[in-house]
Amino acid sequence: MAQEAYNPQELEPRWQKRWAEEGTYRSAEDATKEKAYVLDMFPYPSGEGLHVGHPKGYIATDVVSRHARMQGKTVLHPMGWDAFGLPAENFALKNKVHPRVAVEKNIARFKEQLQKIGFDYDWSREINTTDPSYYHWTQWIFLKLYEHGLAFRSEEPINWCPSCKTGLANEDVEQGRCERCDTPVEKKVLPQWVLKITDYADRLLHDLELLPKWPEHIKESQRNWIGRSEGAEIDFAVSGLEKPVTVFTTRADTLFGATYLVLAPEHPALAMLAPHLSNRAEVSAYVAQAAQASEIDRTAEGREKTGVRLEGVSSTNPATGAQIPVYVADYVLGSYGTGAIMAVPAHDERDFAFAQKFGLLIKRVVEGGELPYVDDGALVDSGDYSGKESAATRAEITARYGRAVVKYKLRDWVFSRQRYWGEPIPIIYCEKCGAVPVPYEDLPVRLPEVEHYEPTGTGESPLAAISDWVNTTCPKCKGAAKRETNTMPQWAGSSWYYLRYMDPQNEHELVSGKREKYWAPVDVYVGGAEHATRHLIYARFWHKFLYDIGILSTKEPFTELHSVGLIIAEDGRKMSKRFGNVVNPDDIVAEYGADALRVYEMFMGPFENAIAWNTQSLVGARRFLDRVWRLAGMVQEEDVPALASPLAKTIQKVGDDIRAFRFNTAISQMMIFLNAAEDAKAIGKGEWRAFLKILAPFAPHITEELWYASLEEGSVHTAAWPTFDPALLVEDEVEIAVQINGKTRGTITLARDASEEAALAAAKEIPAIAAGFAGRAPSRVIYVPGRILNIVVEK
RNA sequence: GGGCAUGUGGCGGAAUUGGUAUACGCGUACGUCUCAGAAGCGUAUCCCGCAAGGGUUGGGAGUUCGAGUCUCCCCAUGCCCACCA
């Protein structure tokens with residue numbers, strides 16, 4: 001075979017063009033074949049373009065999907081754009097271009113960069129969340145949620161980012177700061193659309209058991225986020241109130257130690273108690289201050305507890321009958337439990353700190369260590385329950401004084417954003433008819449073109465200023481009406497996009513039942529672990545809802561999940577324009593080739609690990625491909641006996657490793673095989689063919705070029721994955737270690753199933769072993785055929 | 001404070017799940033080729049030791065014929081959550 005130098009710069013674009021022309025990777029339903037739906041979390045087309053970290057997950061799904069195709073499956077491996085939301089809009093604002101224009105430009109750039117890497121995406125299924133034909137169905141799902149009572153208007157105070165000038169969901173707040181811009185979040189009362197995700201809390205939790213192929217750490221963070229806790233609601237009578245105040249506690253067993261009651265500043269009973277208070281002004285000042293304080297002020301680490309006693313009012317401990325004081329304090333959250341607690345300072349750290357500061361009674365009711373003592377133990381000073389174990393009495397005390405309940409930390413999903421660049425919420429307000437959903441046949445409600453799309457900061461969306469868009473007629477009474485001007489949050493479009501790929505051109509349905517039944521669910525899903533508690537919970541929620549209303553046939557959207565480890569910069573920091581340490585894949589492709597980039601990123605280390613980029617190491621991947629290229633010159637007609645067993649092992653390991661996402665060891669095994677072929681200075685044609693096939697998912701261009709050069713029919717990428725004879729995996733002769741007292745003293749080579757006598761005899765040939773017994777008889781011999789011979793000699 | 005990970009050569013990492021620790025690759029050194037260099041190729045490369053030998057998987061203890069792997073206690077690092085009663 002003629003040996004020209006390996007030139008990826010020439011051959012890679014040539015093959016990319018040809019694959020596109022021939023539709024090599026087109027997906028089509030085929031009822032006679034098994035399907036494989038392999039999906040990447042789709043990117044926000046940011047203005048910075050791709051850096052080398054982005055493609056890592058995409059390369060992995062590319063390898064998996066190519067492998068599935070070669071196994072004879074029909075493959076759906078699509079790509080699209082999550083282009084609504086704050087990042088896109090903030091980029092547009094900063095660069096003074098319309099978000100639509102910026103997004104179009106960024107998408108073009110992203111797509112060009114991706115195409116250079118040679119992915120097997122079926123671009124005919126490309127989607128874009130900002131396309132009206134796409135958000136038509138996002139709005140449709142919202143209307144369905146509304147129809148089923150899962151979307152409702154709320155006037156509760158919500159998280160507000162003063163910098164982004166919009167409300168935020170609980171999930172968008174990190175340690176009291178806006179997840180996007182790090183500004184401390186404030187509380188603000190705004191009418192908001194809210195999705196009742198809490199109705200699905202128990203199913204989102206329990207159905208994690210249906211997902212054995214998800215990483216345990218992701219499931220665990222979802223469990224923690226949903227935050228189920230079993231406890232009790234107990235009623236405390238309060239003077240001046242007709243109805244008792246209900247508290248939530250997980251420690252009903254400590255009821256006898258409850259020495260005061262605390263209401264959150266948001267608690268509704270405060271208004272009714274106001275007339276009975278002798279320090280009314282002080283209390284309302286405290287409440288007002290708490291309402292204003294940012295989340296960060298309220299939850300700052302080591303912050304002193306604050307609160308005000310409700311003078312002139314008292315409560316009764318239902319177990320002891322004792323009169324106990326009532327406080328309002330912001331360490332009790334209005335949005336969790338019942339917004340009120342019974343304080344047991346002896347057995348709760350927060351109550352203890354508060355009681356110490358305010359000089360309140362601290363009554364021990366559980367025996368154990370120093371106060372505050374939060375563990376279980378024997379009860380004391382607890383009436384009939386004294387002497388019993390605290391854990392064992394929890395249910396009893398709950399039954400006698402209250403009711404068993406389950407609470408969740410998960411909050412309902414605040415779904416309105418006061419920003420321009422999002423899906424309009426399809427609701428119309430009529431003075432006569434109230435909030436009226438836009439009729440399904442009028443969807444999509446298009447986002448109007450505007451001159452000014454900057455956030456107003458008033459709590460109104462920029463859309464409110466566009467009067468000919470806002471003013472409309474009521475679908476019910478045909479009277480004058482106004483449109484909802486808030487838009488949906490960034491997470492809306494991504495909560496169902498995986499369904500659209502199955503049926504991207506469908507104008508009449510979200511997805512046709514036939515196609516959904518063929519492709520759903522996603523078999524392999526890959527993306528960043530940072531989405532564990534947002535995207536992955538929201539998507540599961542919508543999926544379950546769509547299942548409930550009969551649109552979908554599966555309970556869970558993603559069967560198998562893998563989180564991709566970050567590629568950090570060579571300097572150990574995150575890759576970012578800010579630090580000037582970004583490596584652009586275009587440059588790597590231009591210098592070393594796409595195949596070298598792909599092999600390197602898969603070879604770097606375990607897929608889930610965060611690993612620093614190292615251009616020097618990438619050279620090793622390129623060298624490997626150069627050597628493969630040169631191996632083409634050693635191809636001969638007859639197979640090489642020395643390669644039979646290594647090849648079988650390599651075929652098996654590469655296949656197994658791809659399915660298990662162990663790409664690094666798959667590549668090292670191919671390197672081992674290449675070393676063996678080079679040592680043999682020859683490779684048979686059949687062996688060469690098999691080797692090209694298993695390398696093809698990782699390095700699709702070079703393998704295709706060499707495949708065609710060997711005059712094969714068609715593309716290597718649609719060829720059948722090679723098989724091997726399992727008998728070749730079993731070696732007849734094995735080398736095993738010989739140990740004296742567990743320390744290796746030498747090795748012997750013998751038949752795999754050799755007897756213990758034979759092994760011992762062979763071992764005695766080794767001088768170090770013979771010296772090891774030195775006249776003494778072994779007291780014990782452990783022989784594991786094919787593994788180890790360990791001789792125990794008493795000292 | 002809580003949860004989840006992770007700790008193996010100069011570096012990225014491997015180890016059939018309790019059986020020869022350091023595969024594969026990077027880097028480095030020497031050699032070869034060359035007028036010379038690059039690339040390529042070859043050899044070596046965990047540590048101590050001239051050697052025989054000895055030691056080594058963050059530290060310590062334990063179980064076992066045998067531990068990187070299992071158990072317990074520390075230490076360190078990373079990520080996520082955090083006044084959730």
Side-chain angles (χ1 to χ4, degrees), chain A residues 5 174-176 215-221 223-225 227-229 231-232 247-251 254 262 264 298-303 305 329-333 335-344 347-351 353-354 374 407-411 529-530 532-533 563 565-566 599-600 603-606 608-621 623-624 626-627 630 649 653 662 664-675 678 735-748 768 778-784 786-793:
Chain A
E174 280 176 2
Q175 289 168 37
E216 199 47 50
H217 69 272
I218 302 265
K219 287 195 273 188
E220 194 56 27
S221 40
R223 282 185 202 110
N224 291 338
W225 189 265
R228 182 181 201 269
S229 54
V247 305
F248 175 67
T249 178
T250 53
R251 290 297 303 274
T254 63
V262 188
R298 273 181 70 161
T299 62
E301 186 130 15
R303 175 178 176 264
K305 298 271 181 290
D330 68 3
Y331 81 91
V332 173
L333 306 177
S335 51
Y336 181 74
T338 59
I341 61 152
M342 63 177 207
V344 185
H347 306 294
D348 181 279
E349 280 166 22
R350 296 149 301 182
D351 297 344
F354 189 84
V374 299
K407 298 282 181 194
Y408 298 93
K409 286 186 204 171
L410 184 73
R411 305 293 151 80
E530 69 275 16
T533 48
S563 52
L566 280 181
V599 168
Y600 170 59
F603 184 61
M604 286 177 95
E608 297 211 355
N609 281 19
I611 302 172
W613 177 264
N614 186 313
T615 304
Q616 188 61 253
S617 279
L618 176 134
V619 172
R623 277 209 276 261
F624 168 65
D626 281 321
R627 287 164 58 204
R630 269 181 265 131
K649 194 178 168 197
K653 183 157 178 60
R662 291 188 302 248
N664 55 332
T665 51
I667 291 169
S668 84
Q669 181 61 38
M670 287 188 280
M671 288 171 168
I672 290 169
F673 178 78
L674 176 64
N675 289 343
E678 285 176 341
E735 191 189 54
I736 70 168
V738 182
Q739 303 178 327
I740 301 259
N741 293 339
K743 295 215 177 231
T744 303
R745 297 292 165 182
T747 61
I748 51 175
S779 64
R780 195 174 160 192
V781 174
I782 291 108
Y783 174 56
V784 184
R787 291 240 192 277
I788 198 121
L789 176 67
N790 187 13
I791 301 163
V792 184
V793 180

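Within every chain, numbering begins at 1; the chains are lettered A, B, ... in the order of the sequence lines, protein sequences first and strands thereafter. Source: prediction; values computed, not measured.
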Watson-Crick or G-U counterpart of B:rU71, or none if no pair lies under 3.5 Å: B:rA61
Gap between atom CG of A:L410 and atom CZ of A:R228 - 0.5 Å precision: 13.0 Å
If I pick the C1' atom on B:rA15 and the same atom on B:rA23, what distance separates them, to the nearest angstrom? 8 Å
Integer-rounded Å distance: B:rG13 C1' and A:I667 CD1: 13 Å
Donor-acceptor pair, distance only, cut-off 3.5 Å: does the side chain of A:D351 make one with the backbone of A:V344? yes
Can you find a pair of side-chain heavy atoms, one from A:F624 and one from A:M670, that are under 4.5 Å apart? yes
pair_partner(B:rG27), Watson-Crick or wobble, both distances < 3.5 Å, evaluates to B:rU45
Could you please name the option among B:rA85, B:rU16, B:rG66 that lies closest to any side-chain atom of A:N790? B:rG66
Atom pair distance, as rounded to whole Å: CD1 in A:I788 and P in B:rU64: 18 Å
Nearest-Å distance, CD1 (A:I672) to P (B:rG13)? 18 Å
Please tabulate, one pair per line, each protein N/O and nucleotide N/O from nucleotides 77-79 of chain B that are separated by under 3.5 Å, including the distance.
none

Partner nucleotide, any strand, of B:rU32 [Watson-Crick/G-U, under 3.5 Å]: B:rG40
Is any side-chain heavy atom of A:K409 closer than 4.5 Å to one of A:W225? no
Taking atom P in both B:rA76 and B:rU28, what distance in whole Å separates the two? 35 Å
When all nucleic acid strands are considered with a 4.0 Å heavy-atom cut-off, which category describes A:N664: base, sugar-phosphate, or nothing? sugar-phosphate
What interatomic distance, in whole Å, is found between C1' of B:rC74 and the corresponding atom of B:rC81? 25 Å
P atoms of B:rC73 and B:rC4, separation to the nearest Å: 14 Å
Touch class at under 4.0 angstrom, heavy-atom based, for A:E735 against every strand present: base
Listing time: all N or O pairs from protein to nucleotides 40-43 of chain B that are below 3.5 Å?
| from | atom 1 | to | atom 2 | distance (Å) |
| --- | --- | --- | --- | --- |
| B:rG40 | O3' | A:R630 | NH1 | 3.4 |

Where the side chain of A:D348 is concerned, which of B:rA85, B:rU20, B:rG19 is the nearest nucleotide? B:rA85
Side-chain N or O of A:S229 versus OP1/OP2 of B:rA85: is the shortest distance under 4.0 Å? yes
What's the closest nucleotide to the side chain of A:I782 if the choices are B:rC65, B:rA23, B:rU20? B:rC65
Between A:Y331 and A:K305, is there a cation-pi geometry (under 6.0 Å to ring centre, at most 45° from the normal)? yes
Below 3.5 Å is the cut-off: list the nitrogen or oxygen pairs between protein and nucleotides 6-12 of chain B, distance only.
| from | atom 1 | to | atom 2 | distance (Å) |
| --- | --- | --- | --- | --- |
| B:rG12 | O2' | A:M604 | O | 2.4 |

From B:rC65, B:rC81, B:rA85, nucleotide with atom closest to A:I341 side chain: B:rA85
Is there a Watson-Crick or G-U wobble partner for B:rG66 with both distances under 3.5 Å, and which nucleotide is it? none
For the side chain of A:F248, starting at C-beta, report the closest nucleotide among B:rA85, B:rA15, B:rU20. B:rA85
Give me the distance, rounded to whole Å, that separates B:rG19 from B:rA52 when you measure between the C1' atoms they each carry. 27 Å
Among B:rA85, B:rU20, B:rC83, the nucleotide that comes nearest once only the side chain of A:Y331 is considered: B:rC83
Identify which nucleotide among B:rA14, B:rC83, B:rG25 has an atom closest to any side-chain atom of A:K305, counting heavy atoms from C-beta outward. B:rC83
Nearest heavy-atom approach of A:I611 to A:G605 is CD1-CA, 3.5 Å
Shortest non-hydrogen pair, A:N790 vs A:N741, comes out as OD1-N, 3.5 Å
Which nucleotide, B:rC24, B:rU20, B:rC83, lies nearest any side-chain atom of A:D330? B:rC83
B:rC24 versus B:rG31 - spacing of their C1' atoms, nearest Å: 24 Å
Distance test, side-chain N/O of A:Q739 to OP1/OP2 of B:rG66, below 4.0 Å: no
Between A:E608 and A:R662 (salt bridge meaning N to carboxylate O under 4.0 Å), is one present in this structure? no
Please determine if a side-chain N or O atom of A:R780 lies less than 4.0 Å away from the OP1 or OP2 oxygen of B:rC65. yes
How far does the C1' atom of B:rC75 sit from the matching atom of B:rG59, given to the nearest Å? 7 Å
Gap in Å between the two P atoms, one belonging to B:rG62 and one to B:rG68, rounded: 15 Å
If only side-chain N and O atoms count, and only distance matters, is there a donor-acceptor pair under 3.5 Å linking A:Y600 with A:T615? no
Closest heavy-atom pair, A:H347 versus A:V374, reported as atoms and distance to 0.1 Å, is O-CG1, 3.6 Å
CG of A:L333 versus P of B:rA82: gap in Å, rounded? 11 Å
Expected output: side-chain A:T338 to main-chain A:A340 donor-acceptor under 3.5 Å: yes
How would you label the contact of A:G337 with the nucleic acid (heavy atoms, under 4.0 Å): base, sugar-phosphate, or nothing? nothing
Just to be sure I understand the rule, does A:S221 reach a base, reach only the sugar-phosphate, or reach nothing, if contact means heavy atoms closer than 4.0 Å? nothing
So, OP1 or OP2 of B:rA82: does either fall under 4.0 Å of a side-chain N or O from A:N224? no
Considering only side-chain heavy atoms of A:S668, which listed nucleotide, B:rC65, B:rA23, B:rG3, is closest? B:rA23
Opposite nucleotide pairing with B:rA76, Watson-Crick or G-U, both atom distances under 3.5 Å: B:rU6
Whole angstrom is fine here: how far is it from CZ in A:F354 over to P in B:rA85? 19 Å
CG of A:D348 to CZ of A:F354: how many Å apart, nearest 0.5 Å? 12.0 Å
Take the protein atom CG of A:N741 and the nucleotide atom C1' of B:rA67, then report the distance between them rounded to whole Å. 16 Å
Once you round it to whole Å, what is the distance between P of B:rU69 and CZ of A:R787? 18 Å
Of the listed nucleotides B:rU20, B:rC26, B:rC4, the one nearest the side chain of A:Q616: B:rC26
note: A:H217, atom NE2; B:rC81, atom P; distance rounded to Å ~ 13 Å
